[in-house]
Amino acid sequence: MKTFVSNNFLSQQFIRIMSTSFISTALTEVNLNIQKAFQVSLKDHGNLQVMPTLIVVSKTKPPEMLIEAYNHGQRDFGENYVQELVQKASHLKNLGYNDIRWHFIGSLQRNKVNNLLDVENLFAVHTVGSIKLADALDKSWAKKNAGTQLNVFIQVNTSAEENKGGCEPNECVSLAKHILNSCKSLSLYGLMSIGLLDHDYSKGPNPDFLCLSKCRQDVCTSCGLEENNLMLSMGMSNDYQEAISAGSTHVRIGSLIFGAR
């Protein structure tokens, strides 16, 4: 008896095999590059630098691709949209993937805060750029998770672009003080920047990376914090190695791992 398999089924299997191979190979290469860049950064930053965390950005990608990355050892995932994060987190939790650390890295409106904070294993929000948003997160987290703290990064608009979120660099210290003194349910985990994406490195280091590092110095000096306890979330697929060399502790990489959107 002949067994017929549909062309559609075969094509889906082929795509899955190809995506599995691509994701595992890409993760291996990116992690090796992170290690190399980290070794370089140690020469310039010494005890201020910690092993960078790779956040794999799964924006618009199906859960099956996240599972492939998970099976290759990845645990930190970033999402740009609240609803997409809520759906993926619930789906993967139901499948038994309970130790994923979710990072929200997109623009966050205050009316979406409650939905976002319903996500289990939400590790950090990287885009706190105002006192009002900090207060909304603090109030909501206190109601849902009393006695614990949510990790937050202050987003700084280091490139002064109108279409980018975040506070101005000169507002970073005052926002940090507000979070530390008035938001008892939030833990100030670090600073975050997106920055210009087309910097010419033949002309020197990325000024956005230098600006965020200077913001960290200012915050730590003003607030009595140790610099190596305040993380820097900067660097993406096109510049993550340069970001690590400049002191980044968290890099957000999507297209290099999952392919272009």
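None of the values given here were measured: they were computed from a predicted structure.
A distance-only check finds no donor-acceptor pair linking the side chain of Glu242 to the backbone of Tyr201 [under 3.5 Å]. No donor-acceptor pair under 3.5 Å is formed between the side chain of Lys184 and the backbone N or O of Ala142. No side-chain donor-acceptor contact under 3.5 Å links Asp208 to the backbone of Ile194. Judged by distance alone, with hydrogens and angles left aside, the side-chain atoms of Arg252 form no donor-acceptor pair with the main-chain N or O of Ile105 at under 3.5 Å. When atom types are taken as modelled, the side chain of Asn145 and the backbone of Thr148 share no donor-acceptor pair closer than 3.5 angstrom. Remark: side-chain polar atoms of Gln155 are paired, donor with acceptor, to backbone N or O of Gly165 under 3.5 angstrom. Side chain of Thr249 to backbone of Leu232: a donor-acceptor contact under 3.5 angstrom is found.
Both Val219 and Leu133 are assigned to one and the same hydrophobic cluster, defined by single-linkage of ILVMFWY side chains at heavy-atom distances under 4.5 Å. Note: the hydrophobic cluster containing Val86 also contains Leu95 (ILVMFWY, side chain heavy atoms under 4.5 Å, direct or indirect links). Connection of Met192 to Tyr81 is not established within any shared hydrophobic cluster, with ILVMFWY side chains joined at heavy-atom distances below 4.5 Å, either directly or through further cluster members. Two different hydrophobic clusters hold Leu32 and Met236 under the rule that ILVMFWY side chains link at heavy-atom gaps under 4.5 Å.
Smallest separation of non-hydrogen atoms from Cys167 and Leu175: SG-CD2, 4.2 Å.
To the nearest 0.5 Å, atom CG of residue Asn80 and atom NE2 of residue His103 are 13.0 Å apart. Distance CH2/Trp102 to CD1/Ile55: 12.5 Å, rounded to 0.5 Å.
Every residue meeting the side-chain hydrogen bond (donor to acceptor under 3.5 Å, both in side chains) condition with Ser140, not counting sequence neighbours, appears here in chain and number order: Asn114. In this structure Tyr70 satisfies the side-chain hydrogen bond (donor to acceptor under 3.5 Å, both in side chains) test together with Asp99, sequence neighbours excluded.
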Tell me, with the steps shown, if Glu79 and Ser58 meet side chain to side chain donor-acceptor pair (under 3.5 Å).
CA-CA 6 Å; Glu79 286 290 341; Ser58 47; 2.4 Å; yes
Applying side chain to side chain donor-acceptor pair (under 3.5 Å) to His199 and Asp239, what does each step give before you reach the verdict?
CA-CA 9 Å; His199 176 68; Asp239 58 8; over 6 Å; no
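Within a 6.0 Å sphere centred on CD of Glu168, other residues, nucleotides and ligands contribute more than 12 heavy atoms. Within 6.0 Å of the NZ atom in Lys139, the count of heavy atoms belonging to other residues, nucleotides or ligands does not exceed 12.
In this structure, a donor-acceptor pair under 3.5 Å is present between the side chains of Ser233 and His126.
Screening residues 205-247 for ring pair (Phe, Tyr, Trp, His ring centres under 6.0 Å) gives no qualifying pairs among residues at least two apart or on separate chains.
The shortest distance between side-chain heavy atoms of Leu196 and Glu161 falls below 4.5 Å.
Outside the 6.0 Å centre-distance limit, the rings of Phe258 and Phe22 are not counted as a close aromatic pair. Taking the six-membered ring for Trp and the full ring otherwise, the centers of His250 and Phe153 sit less than 6.0 Å from each other.
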